[in-house]
Amino acid sequence: MNENFKPDMQKRPRRLRASEAVLGLCEETVLKPSSLILPIFLTDDKGVKASAVKSMPEVSRHSIESALKVCEALLKRGVKAVAPFPAVDKRLKSLDAAESFNPNSLANRAAREIKKRFPEICIFADVALDPYTSHGHDGILSANGNTILNDPTVEVLAKMALSAAQAGADFVAPSDMMDGRIGFIRQTLDAENLQGAGILAYSAKYASAFYGPFRDAIGSAKKGAKPLDKRSYQLNPANVREALKEAALDEAEGADILMVKPAGAYLDIIAKVRAQTALPVAAYQVSGEYAMIAAAAQKGWLDFEKTMRESLLGIKRAGADIILSYWADRF
Ligand code: PBG
């Protein structure tokens, strides 16, 4: 042994890792089912009860009937919140995204049915135009197709949020990243006597490559096409201050919950938003994060159960109160 090596043997941190009991007592972060929200993909495709999403092993698109079964099973596990995302029929997509505020859209019908059968489930309705536009962008395009128009998009988003709240959504969740949408949606809901409907703002939503499998799932990406460039509205992955500014604006405009998305590659952002606000902070463990672990586990390269829990724990430890995760139903 090196004679110069004189560790301080008075200090033995391993005492606190000596048994399951001590480990349990000293555990700092706890994951609980009631902190999770399950995103559910919906389809109107009759005959297909549950169609698999190829790039997301073990995730399916559900009919409303089958989504109700998912809700029932979730409640048994103690998960009480869902975020439905519709795969919209191509024939209903358009340049003006009018289907997004149809009271009888797939998403709104699902919200009404879920609320009727399971009033105790909290529904977070997505508010963004990408499932409804023929081009897949989250907004209305200028006539020459080169720009996403902010204010005309916000008008449609407010109509969409209103129709979702009227269908029974407990929270509307704008995931579009247009300027000023939180304030405008808040005013619109209040003017219609929907003061009780909350807003979960996707405040720091990055222009991320991790969304690939989601765009397959809801069919907002054209087959074989290059991924859409959403950098004129979603955030630059290199930026921190910009996310904090967006979070502060959304809070000032009346958001009830602030979200960071994706989660795993943005733990620093979660921690910083947590430090900046007294509002609950949510994080979205997105489709690509799911796909990476699910695919490696399928190959036997990772232990699914342990990796899944560790990935969620990291997000919670970084400061997220609420986590959207595709394995909320398996946790
Ligand atoms: C867009 C939206 C996206 C996701 C949910 N809503 C991203 C995008 O297509 O730009 C991604 C969710 C995921 O990847 O799990 N409004």
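We count residues from 1, following the sequence as given. Read the numbers this way: they start at 1 and go in the same order the structure lists the ligands and their atoms.
Using a 4.5 Å cut-off on side-chain heavy atoms (C-beta onward), W327 and I293 make contact. The shortest side-chain heavy-atom distance between F331 and V79 does not fall under the 4.5 Å cut-off.
The residue D176 has no part lying near ligand 1, judged by heavy-atom distances below 4.0 Å.
Pairs passing the ring pair (Phe, Tyr, Trp, His ring centres under 6.0 Å) check and including a residue from residues 175-201, sequence neighbours excluded, do not occur.
For the pair K272 and Y266, the NZ or CZ position fails the cation-pi test of under 6.0 Å to the six-membered ring centre and within 45 degrees of the ring normal.
Those atoms of ligand 1 with a heavy atom of A128 less than 4.0 angstrom away are 16 (N). Close approach of ligand 1 to R215 is summarised as follows: ligand atoms under 4.0 Å from at least one heavy atom of the residue are 8 (C), 9 (O), 10 (O). Listed by number with element, the atoms of ligand 1 under 4.0 Å from a non-hydrogen atom of D130 are 1 (C), 2 (C), 16 (N). Per-residue contacts place Y284 under 4.0 angstrom from the following atoms of ligand 1 (heavy atoms of the residue considered): 12 (C), 15 (O). Less than 4.0 angstrom separates some heavy atom of D138 from each of these atoms of ligand 1: 1 (C), 16 (N).
Residue K230 holds the heavy atom nearest to atom 8 (C) of ligand 1 of all those in K230, Q285, K261, E289.
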Please list, one pair per line, the donor and acceptor atoms closer than 3.5 Å that link side chains of residues 224-231 to other protein atoms, with sequence neighbours excluded.
from: D229; atom 1: OD1; to: R231; atom 2: N; distance (Å): 3.0
from: D229; atom 1: OD1; to: R231; atom 2: NE; distance (Å): 2.9
from: D229; atom 1: OD2; to: R231; atom 2: NE; distance (Å): 3.4
from: D229; atom 1: OD2; to: R231; atom 2: NH2; distance (Å): 2.8
from: K230; atom 1: NZ; to: D138; atom 2: OD1; distance (Å): 2.7

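At the top of the distance list for atom 12 (C) of ligand 1, counting protein heavy atoms only, stands F214 CD1, 3.3 Å. Looking from atom 2 (C) of ligand 1 to the surrounding protein, the closest heavy atom is K205 NZ, 2.9 Å. Scanning the protein heavy atoms around atom 14 (O) of ligand 1, the nearest turns out to be S287 OG, 2.7 Å.
Under a 4.0 Å N-O distance rule, the pair K205/D176 does not qualify as a salt bridge. Salt bridge status for R274 with D321: present, with a side-chain N to carboxylate O gap under 4.0 Å.
Taking the six-membered ring for Trp and thresholds of 30 and 60 degrees, F214 and F85 have ring planes more than 60 degrees apart, a perpendicular arrangement.
Proximity of Y326 to ligand 1 is established by a heavy-atom distance of less than 4.0 Å.
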